[in-house]
Amino acid sequence: MSDLLDKIVSLSKRRGFIFQSSEIYGGLGAVYDYGPLGVELKRNVQARWWQAMVYQHDNIEGLDAAILMHPTTWKASGHVDAFNDPMIDDRQSKKRYRADQLIEEHIARLRRQGQDEHADAVHRRFVEALHADDMPRALYEIIMDEQIRAPDSGAFDWTEVRQFNLMFETQLGALAEGNNTIYLRPETAQGIFVNFLNVLNTSRQQIPFGIAQIGKAFRNEIVARQFIFRMREFEQMEMQYFVRPGDQMEAYEAWREKRMQWHLDNGIRPSRLRWHRHDKLAHYADAAHDIQYEFPIGWQEIEGIHSRTDFDLRNHQAYSGKKMEYFDPQTRERYIPYVVETSVGLDRTILMLLCEAYREEEVEGDQRVVLKFHPQVAPIKAAVFPLVRKDGMPEIARAIEADLRTVFNVMYDEKGSIGKRYRRMDEAGTPFCITVDGDTLADGTVTVRDRDSLEQVRVSQDRLLPYLHDRMRAWTPAD
RNA sequence: GCGGGAGUAGCUCAGAUGGUAGAGCAUCAGCCUUCCAAGCUGAGGGUCGCGGGUUCGAAUCCCGUCUCCCGCUCCA
């Protein structure tokens with residue numbers, strides 16, 4: 001891992017942004033907890049997304065669907081088939097096959113060639129393999145021993161057989177008998193699709209309109225690494241935008257622009273963001289772009305904007321028997337809407353903000369570590385200090401703290417030298433420090449110290465709130 | 001999943017040849033501080049990832065296991 005990411009991991013733990021899950025028991029792989037500062041950062045990001053998506057658009061409705069869903073949901077979405085089979089990849093063609101189907105085809109081929117004895121032997125071994133403890137391994141050995149080649153490329157260059165059992169299973173009901181297996185959702189989108197009719201019928205929306213949701217999703221990642229970049233339990237902020245078939249590209253382009261702007265508005269430098277177009281489209285999509293950020297580990301996806309046709313609604317219609325059609329009263333058309341999806345990883349956004357904000361700087365010969373968050377996402381908006389712990393300064397500082405607390409998350413600190421307190425707040429990413437000093441007693445002004453420029457401005461106590469609001473609004477990212 | 005590396009106080013780390021652990025920073029209490037930390041005094045904090053074994057005795061040796069990191073693979 002890069003030095004920078006190491007430092008961010010260390011700072012995250014040291015200051016209480018992010019902890020590994022269940023650390024006292026040795027940790028749980030690729031699961032993380034948000035600490036006191038981390039949860040503030042996360043809630044601020046959620047709030048900004050909700051504001052930008054739901055409140056700023058009169059045709060977008062919010063939703064909070066449950067994590068547990070009817071199992072048929074995942075049949076309709078394609079996740080059960082795609083995620084639970086023993087898969088093997090042809091390294092040459094990059095095509096993926098179901099290992100069991102390859103063997104079945106091989107057996108059928110042998111029979112066609114009259115090699116029934118051989119076919120029977122393979123078949124017996126195949127049945128045995130399907131019940132083996134290490135089923136993927138057993139299937140792999142058959143493919144190796146029988147030298148089964150890839151149907152398309154004819155190559156014999158296979159990866160291991162892997163079982164893509166990426167959905168977390170759990171039991172519905174207290175009785176562990178019968179077929180009660182359900183899944184923790186691997187994506188939040190299906191919660192939106194299955195509620196499409198509910199929202200349509202209750203919100204008085206007309207197409208085009210969207211449904212937005214923030215929520216947890218779960219995937220048994222094969223390779224889960226790089227801190228909170230790829231986690232087994234993670235949070236998505238998704239919006240599905242329903243449009244008339246044919247109008248999807250216009251909506252797609254509009255949402256691409258809005259979503260990129262959102263990241264810029266969070267203080268991400270434009271040079272660190274780029275578009276990545278999917279050349280190879282999933283079968284249900286007719287366009288797909290990712291927004292990538294230049295992490296210390298390289299360019300990585302943080303958000304996907306996908307035009308996913310009517311695939312999901314059409315499938316839910318087929319599986320549920322419920323008509324997913326929309327009737328347009330103007331044109332008197334009836335159709336299953338197309339969907340443009342924006343899906344951003346909340347945890348990845350947090351990691352991006354940490355990477356973007358982290359700076360090591362030299363101040364008058366000393367080094368400081370500072371998180372230059374956008375003030376709106378900063379966990380603590382302001383800290384209030386008495387310059388010294390006497391002459392009534394703590395009392396005045398406490399009063400200012402109490403006043404600001406009605407609006408912001410603020411912190412009071414009187415421990416250590418004033419410089420030390422500034423540096424502590426730098427590490428937490430607090431944009432403003434307010435110091436009560438001797439002049440405060442005389443004229444009612446305080447020092448407001450800027451995290452980024454280190455500049456100090458004297459502000460009258462009673463103008464403090466509007467002053468801070470103005471400064472937050474005017475903030476722009478450095479370099 | 002495979003190969004390699006690592007796991008000692010909250011953080012970063014030191015602990016040659018086995019004799020039951022230290023530093024800096026951080027934290028807490030007090031002092032000193034009238035604007036950018038690392039001044040003073042004191043305190044708390046570790047069964048050295050976990051389990052087992054060898055040994056009179058293990059952080060140090062052996063086995064297992066978990067977690068993290070790097071590379072390959074994967075990114076459905």
Side-chain angles (χ1 to χ4, degrees), chain A residues 1-3 5-16 19-32 35 77-85 87-89 91 94-98 134 136-137 140 158-167 186-187 219-227 229-230 278 280 282-283 290 297 300-301 304 361-370 383 385-391 393 413-427 433-442 446-451 453-458:
Chain A
M1 187 148 41
S2 74
D3 287 352
L5 197 50
D6 276 339
K7 287 174 177 172
I8 288 168
V9 171
S10 176
L11 177 69
S12 293
K13 183 175 184 190
R14 184 156 46 84
R15 292 309 305 256
F19 308 120
Q20 195 184 8
S21 166
S22 323
E23 202 185 4
I24 62 167
Y25 291 110
L28 187 62
V31 184
Y32 290 89
S77 70
H79 287 83
V80 170
D81 287 340
F83 281 15
N84 275 304
D85 296 321
M87 305 298 280
I88 189 166
D89 294 346
R91 286 200 178 90
K94 303 291 183 196
K95 279 186 188 300
R96 173 164 294 159
Y97 303 93
R98 280 178 59 167
D134 190 354
R137 185 71 211 173
Y140 177 76
W158 298 110
T159 62
E160 297 273 313
V161 174
R162 275 162 302 204
Q163 198 157 11
F164 281 71
N165 199 5
L166 289 177
M167 286 196 290
E187 64 172 29
R219 295 182 196 180
N220 260 319
E221 296 289 350
I222 297 168
V223 178
R225 271 176 196 168
Q226 270 127 7
F227 198 38
F229 185 77
R230 185 168 289 126
H278 286 215
K280 214 171 56 181
H283 57 286
D290 294 337
I297 52 176
Q300 300 283 351
E301 175 192 343
E361 294 180 343
E362 210 171 279
V363 179
E364 294 169 18
D366 285 323
Q367 219 200 20
R368 73 160 179 167
V369 171
V370 56
F385 311 143
L387 186 58
V388 290
R389 231 184 326 175
K390 59 185 180 187
D391 299 338
M393 291 181 200
D413 191 2
E414 58 178 27
K415 300 289 172 60
S417 73
I418 190 71
K420 191 168 194 157
R421 283 176 266 165
Y422 286 150
R423 300 297 172 80
R424 277 201 279 257
M425 284 300 117
D426 287 342
E427 267 194 347
C433 291
I434 294 145
T435 303
V436 171
D437 58 18
D439 290 349
T440 310
L441 307 170
V446 293
T447 301
V448 179
R449 178 263 196 182
D450 183 88
R451 175 196 66 199
S453 67
L454 306 176
E455 284 171 1
Q456 301 188 351
V457 182
R458 290 211 71 86

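Just so it is clear: chains get the letters A, B, ... in the order the sequence lines come, proteins before strands, and each one is counted from 1. Everything quoted here is computed from the prediction, not taken from an experiment.
Distance A/R230 CZ to B/C69 P: 12 Å, rounded to the nearest Å. Look at CG on A/D6: it is 14 Å from P on B/C11, rounded to the nearest Å. Distance CZ (A/R14) to C1' (B/A9): 15 Å, rounded to an integer number of Å. Here the P atom of nucleotide B/C69 and the CD1 atom of A/I8 are 14 Å apart, to the nearest Å. Remark: C1' of B/U67 and NZ of A/K13 are 12 Å apart, rounded to the nearest angstrom. Rounded to whole Å, atom C1' of B/C68 lies 19 Å from atom NZ of A/K7. When rounded to the nearest whole Å, the span between CE of A/M167 and C1' of B/C75 equals 17 Å.
The side chain of A/K415 places an N or O atom within less than 4.0 Å of a non-bridging phosphate oxygen (OP1 or OP2) of B/A29. Within the 4.0 Å cut-off from OP1 or OP2 of B/U27, at least one side-chain nitrogen or oxygen of A/R424 is found.
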What pairs of nitrogen or oxygen atoms, one from the protein and one from nucleotides 40-46 of chain B, lie under 3.5 Å apart?
none

Show each protein N/O and nucleotides 33-36 of chain B N/O combination with a separation under 3.5 Å, one pair to a line.
unit_1	atom_1	unit_2	atom_2	d
B/U34	O4	A/D391	OD2	2.9
B/C35	O2'	A/Q456	NE2	3.4
B/C35	O2	A/Y422	OH	2.5
B/C35	O2	A/Q456	OE1	3.3
B/C35	O2	A/Q456	NE2	2.7
B/C35	N3	A/T447	OG1	3.3
B/C35	N4	A/D437	OD2	2.4
B/C35	N4	A/T447	OG1	2.7
B/C36	O2'	A/R423	NH2	2.3
B/C36	O2	A/R449	NH2	3.0
B/C36	N3	A/R449	NE	2.9
B/C36	N3	A/R449	NH2	3.2
B/C36	N4	A/R449	NE	3.3
B/C36	N4	A/L454	O	2.4

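For the P atoms, the distance from B/C62 to B/U17 is 11 Å, rounded to whole Å. To the nearest whole angstrom, the two C1' atoms, one in B/C61 and one in B/G18, are 8 Å apart.
Taking the nucleotide of RNA chain B with the nearest heavy atom to each of A/Q367 and A/Y32, the more 5' of the two is matched to A/Q367.
The strand RNA chain B forms stems, runs of 3 or more Watson-Crick or G-U wobble pairs with distances below 3.5 Å, at B:1-7 with B:66-72, B:10-13 with B:22-25, B:27-31 with B:39-43, B:49-53 with B:61-65.
The shortest heavy-atom contact between A/Y32 and A/F227 is CE1-O, 3.4 Å.
Considering only residues two or more places apart in sequence or on other chains, A/R451 meets the side-chain hydrogen bond (donor to acceptor under 3.5 Å, both in side chains) condition with none of them. Under the side-chain hydrogen bond (donor to acceptor under 3.5 Å, both in side chains) criterion, A/D439 pairs with no residue, sequence neighbours left out. Residues meeting the side-chain hydrogen bond (donor to acceptor under 3.5 Å, both in side chains) test with A/K420, sequence neighbours left out: none.
A salt bridge links A/R368 to A/D426: at least one charged side-chain nitrogen sits closer than 4.0 Å to a carboxylate oxygen.
Checked by atom type and distance alone, the side chain of A/D6 never pairs as donor or acceptor with a backbone atom of A/V9 at under 3.5 Å.
By the neighbour-count criterion of 12 heavy atoms within 6.0 Å, atom CD of A/E455 is sparsely surrounded, having that number or fewer from other residues, nucleotides or ligands.
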